[in-house]
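Here's the structure, in structure tokens; my notes come after.
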2 protein chains.
Amino acid sequence: MSPRGQERNEKMRAIAKTKITKAALEVFAEYGYHGTTIKQIVQSSGVSKGLVYHYFPSKERIFFHLIELALEVSKKAWIKSLDTPGTAWQKIEKLSQILFKTAFTDENSLYFVVMLQAITQGKSIPGLFEYIMMHGAHYGLLPPLIHKAQKSGEARQGDPDVLSSTYLAVFQGYTLLLLHDKDLHTKITPETFTDVLRNRGRNK
Amino acid sequence: MSPRGQERNEKMRAIAKTKITKAALEVFAEYGYHGTTIKQIVQSSGVSKGLVYHYFPSKERIFFHLIELALEVSKKAWIKSLDTPGTAWQKIEKLSQILFKTAFTDENSLYFVVMLQAITQGKSIPGLFEYIMMHGAHYGLLPPLIHKAQKSGEARQGDPDVLSSTYLAVFQGYTLLLLHDKDLHTKITPETFTDVLRNRGRNK
DNA sequence: GTCTATACACTGATAGAC
DNA sequence: GTCTATCAGTGTATAGAC
């Protein structure tokens, strides 16, 4: 009944969809949502326009798909760090290491750039902001961790929510700087992030 | 010869151009360069399409004009801080205060958002990045200041260039966070920025 | 012959420009 | 207000596996 082997068929689908997704990631990361045209994705992926619309119903859904993947990559990094055995402070150190590696040196780094694009242009894409808020809940895991590390004296004093925001600000700020300084990652280390939260005072 | 008093004429020009610039600032800050249409600027400013093109040759030049103003606002804040009498550390503290006030509470805060838009979408606007690099030289004033404050023991140890980047990253990162958390500025203070550079260790 | 991945010319809408 | 280019999205045809 099936005209082609179902297995082979699935493989073809996966390959084509991956091609499109990969090309879209590169183009969206560079030009932003509105700055990207379907034509660019078509040319960058090497497939036809018809095929793009065969796999995705609209430009908007392609972007949403990338944001979905980006949130997965981010979430995975966070969960992996927090699953590390050890103290709260060790988990924070692990988080810095994994975020540094994933966002600045990995093949996945473009996902973090696309997230930046979503944050700065999200207002003109209906539902995007709500989507990110819903699926980005893992950011909320940091404040309690900071609170714990404060009690053990390893984290510096201050409102854990503010410190968490500052930590995220440094991370996102560096992702921004990376856009125009491609070897920034050779100048900084995971410690650059961790240091923001570290208790360097005398009351250890 | 002049059908209208020249003075009155100049005034009209200034008013119209200000109207357009102000509206453009708001729309570009919210939707980004590509996400903004001339129609939006026209409707937001209340002037006619023709008038917009009377004062600006293209959408691109409107954006460049805003970036020009944004760099001026930023430069003014930096120069004002560094002209403060006092030690290097006191100048850094002043810089944090002025940046906080200007970027988070001022009417000028939108200029910092537009700069973010320029950074994330600049690759698709020819010449923009070079323009920012040329006119944003005042950022280079921070590392020597940090170096001085390290010698007096007030700034923490570390490569001044990296510390300067981290300072800018925190600042830009918070500008990003502000996009979706309108009363973020009530939770943080200028100290949040200064703290990144402060020597909190025992070897004062 | 049937099914599905793929191609591409086309359309209507809307953008920037003047 | 009008013009023209280009955008997102579609309708239809083809190629090839079974």
Side-chain angles (χ1 to χ4, degrees), chain A residues 1-67 114 117-118 121-128, chain B residues 13 16-17 19-21 23-67 114 117-118 121-128:
Chain A
M1 193 166 270
S2 201
R4 211 171 349 231
Q6 201 175 330
E7 205 173 302
R8 182 188 160 86
N9 210 319
E10 290 244 334
K11 215 169 189 174
M12 286 175 72
R13 287 185 67 86
I15 290 173
K17 202 166 177 182
T18 303
K19 255 193 202 168
I20 297 166
T21 305
K22 201 181 160 220
L25 176 63
E26 284 166 15
V27 182
F28 276 126
E30 184 151 352
Y31 298 98
Y33 178 73
H34 296 288
T36 295
T37 69
I38 293 291
K39 200 178 177 180
Q40 283 176 294
I41 296 174
V42 164
Q43 286 170 348
S44 176
S45 65
V47 307
S48 72
K49 199 173 183 179
L51 198 60
V52 169
Y53 278 97
H54 180 71
Y55 287 106
F56 295 97
S58 66
K59 176 183 171 183
E60 197 177 287
R61 295 321 301 184
I62 302 176
F63 194 71
F64 263 84
H65 183 236
L66 290 178
I67 294 302
V114 160
Q117 299 284 8
Q121 299 173 53
K123 281 191 185 158
S124 39
I125 309 166
L128 181 60
Chain B
R13 286 187 66 86
K17 202 167 178 180
K19 254 193 203 169
I20 296 167
T21 305
L25 176 63
E26 283 166 16
V27 182
F28 275 126
E30 182 151 355
Y31 297 100
Y33 178 73
H34 296 287
T36 296
T37 69
I38 294 288
K39 198 179 175 181
Q40 283 176 293
I41 296 174
V42 165
Q43 286 171 349
S44 177
S45 66
V47 308
S48 74
K49 221 173 184 178
L51 200 60
V52 170
Y53 277 96
H54 178 72
Y55 287 108
F56 295 98
S58 66
K59 175 182 166 182
E60 196 176 288
R61 296 319 304 183
I62 302 176
F63 195 71
F64 262 84
H65 182 237
L66 290 178
I67 294 301
V114 160
Q117 299 284 9
Q121 298 172 55
K123 281 190 186 162
S124 40
I125 309 165
L128 180 60

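All values below come from the heavy atoms of this structure, side chains included, with hydrogens, waters and symmetry mates left out.
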* Does B/Val114 have any side-chain contact (heavy atoms from CB on, under 4.5 Å) partners at least two apart in sequence or in another chain, and if so, which? -> B/Leu25, B/Phe28, B/Ala29, B/Phe63, B/Leu66, B/Ile67
Between the protein and nucleotides 6-9 of chain D, which nitrogen or oxygen pairs come in under 3.5 angstrom?
residue : atom : partner : partner atom : Å
D/dA8   : OP1  : A/Thr36 : O            : 3.3
D/dA8   : OP1  : A/Ile38 : N            : 3.4
D/dA8   : OP1  : A/Lys59 : NZ           : 3.1
D/dA8   : OP2  : A/Ile38 : N            : 3.0
D/dA8   : N7   : A/Lys49 : NZ           : 3.2
D/dG9   : OP2  : A/Tyr53 : OH           : 3.0
D/dG9   : OP2  : A/Lys59 : N            : 2.8
D/dG9   : N7   : A/Lys49 : NZ           : 3.2
D/dG9   : O6   : A/Lys49 : NZ           : 2.7

* **Minimum heavy-atom distance B/Ser44-B/Glu26, with the two atoms named** => OG-OE1, 4.3 Å
* Remember a base hit wins even if backbone is also touched, and classify B/Phe56 as base, sugar-phosphate or nothing at under 4.0 Å, heavy atoms. => nothing
* **ring pair (Phe, Tyr, Trp, His ring centres under 6.0 Å): pairs with one or both residues in residues 35-58 of chain A, sequence neighbours excluded** => A/Phe56-A/His65
* Nearest-angstrom distance from the residue atom CZ of B/Arg61 to P of C/dG16 -> 16 Å
* Structure fact -> Contacts of A/Thr18 meeting side-chain contact (heavy atoms from CB on, under 4.5 Å) (sequence neighbours excluded), chain-then-number -> none
* Asked: Just to confirm, is there a sub-4.0 Å distance from OP1 or OP2 of C/dA5 to any side-chain nitrogen or oxygen of A/His54?
  -> yes
* Tell me, please, which residues at least two apart from B/Gln43 pass side-chain contact (heavy atoms from CB on, under 4.5 Å). => B/Lys39
* To do: Would you mind reading off the distance between A/Leu51 atom CG and D/dA13 atom P, rounded to a whole angstrom?
  => 19 Å
* Measure from NZ on A/Lys19 to C1' on C/dA5 and round the result to the nearest Å. => 12 Å
* Structure fact -> With sequence neighbours left out, the residues meeting side-chain contact (heavy atoms from CB on, under 4.5 Å) with A/Glu30 are B/Lys123
